[in-house]
Amino acid sequence: MTKLWGGRFKKGLSSSAEELSYSMEFDKRLYKYDIRVNMAHVKALEKAGIVTADEKEMLLTALDDLLKSFESKYMDQDLPDEDIHSCVERLMVEACGDLGKKLHTGKSRNDQVATDARLMVKDELEKIDGLIVAFMKSLLSLAQETTSLVFPGFTHLQVAQPIVFGHHILAYVEKFKRDRDRLKDSYKRANLCPLGSAAMAGSNYPLDRDLLAKELGFSGITQNSMDAVSDRDFMLETMSGLSIAMAHMSQLCEELIFWSSPVVGFVTIGDEFTTGSSIMPQKKNPDMAELVRGKTSRFLAGFVGLHELMKGLPLTYNRDMQEDKPYMYESFDSFKLILRCFTEMMASLTFNEYAIADSLTKGHICATEIADYLVIKGVPFRDAHEITGQIVQFADQESLTLDQISVSKYQEFSSSIGEDIMDVLTFDKAVARKNVIGGTAPEQVKMQCKRLIKELT
Ligand code: ARG
């Protein structure tokens, strides 16, 4: 196969070196970006006087044909080219003869691959944004349905305070909202066009870089050719954003696994998202949640891999950088699939209200309410905490729940306690009292749902 760079060599590449260096396998995925970059470049070449208006039209028509036919003609084929840039150029020479050979004037594969990659990242981020929104909407409808479902809140996985389930889910909506913002921010920096940087020093031809950027839908152009061909920050930032989003996804998975364990039994995940066991007939395993928790490590590995790839490279382009794309593809594909699956899976959850209510009787979940009650009655908080600790100790000794202790017994611990103590031990009232912005009171949670829905639409 003729190379783009054969002139100065007496011998061709050995077959093992070819196998090692050819990137066609994963480059195919860039074909539409590569062709679009060539289309924009042809327009800039005409403006710079390198090709005539007629030549431009011929090249554009051939590129357009290639864009339309590449998928069906070449996608499944074993192509002989070194990379997608060589492939498109070969096919253009085959289609346009000598005119096709003018295509690479004033550009290099170095600025071309950087441009292709930015277009690809932007495209994927746009798709991902839509999927995150759908996922957040599914979390939001779950939150709306459960604004009054009192649920145990934990710290250290020890019973802490009663909350409503909707509040718990909105915590994730906030996390994914930040993830979305982070990815949008990466998008902004990916949205600059490096074309015109050529190999590394800038193009010898008066290419209109603003025209190139506009043609390709970039918001602006890069300002230093050496930076432009060596920069993969837009990939690193994206991978970092995806890894953080996956950390959140993995936390949600961990909770789903916990909530759906029969010993806890709060939540049932729909049959469509669980699996059975080949030997234990009773099993209903939360495999999707486990797999996603597991896949999180691959996102992080991808981020670390890409970081490692870049950290020791001298400016500017180095062939090492060819190894960047597989990391991106794996994370993008996996993330999109996970979002699609989890958008549906979250809608499949059902709640076992009996198990949830029963759990609220364990772990003295209203102890903090007693301490705060004492504060209202004039006891300093530190003393109130101490007194409540003694009440909890007594309850444990006697195997009682806090609401099973009589008022007169309560009064032995503090004369500030009155008949109204029983009121603070009601779960509904305990959550309703957290009526500050960001608190778990159903009134607040409903308000937050409204705000988030408005923000998303
Ligand atoms: N396949 C290469 C990559 O993905 C394209 C750039 C090659 N440039 C070069 N000077 N060899 O990075």
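The residues of the chain are indexed from 1 along the displayed sequence. Every number for a ligand or one of its atoms is a count from 1 in the order of the listing. What you see is a predicted model, and the numbers here were worked out from it, not measured in a lab.
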For atom 11 (N) of ligand 1, the protein heavy atom that lies nearest, with its residue and separation: R109 NH2, 3.6 Å
What residue and atom, counting heavy atoms only, is the protein's closest point to atom 7 (C) of ligand 1, and at what distance? Y317 OH, 3.5 Å
Determine whether more than 12 heavy atoms belonging to other residues, nucleotides or ligands lie under 6.0 Å from atom [atom1] of [X].
X: E94; atom1: CD; result: yes
X: D181; atom1: CG; result: yes
X: E443; atom1: CD; result: no

Proximal candidate to atom 10 (N) of ligand 1 [heavy atom criterion; set D83, N110, D111]: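 Among D83, N110, D111, the closest heavy atom to atom 10 (N) of ligand 1 comes from N110.
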Non-hydrogen atoms of G106 and Y205 that approach each other most closely: CA-CD1, 3.4 Å
Which of the numbered atoms in ligand 1 are below 4.0 angstrom from a heavy atom of S23? 1 (N)
State the atoms of ligand 1, each with its element, that fall below the 4.0 Å cut-off from a heavy-atom position in Q322.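 So the atoms of ligand 1 that pass are 1 (N), 2 (C), 3 (C), 4 (O), 12 (O).
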Side chains of K284 and T274: donor-acceptor distance under 3.5 Å anywhere? yes
Could you tell me if any non-hydrogen atom of H85 lies under 4.0 Å from any atom of ligand 1?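 A heavy atom of H85 does come that close to ligand 1.
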So is K325 touching ligand 1 or not, going by heavy atoms under 4.0 Å?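 Yes, K325 has heavy atoms under 4.0 Å from ligand 1.
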Geometric cation-pi criterion, K122 with F234: 6.0 Å, 45°: no
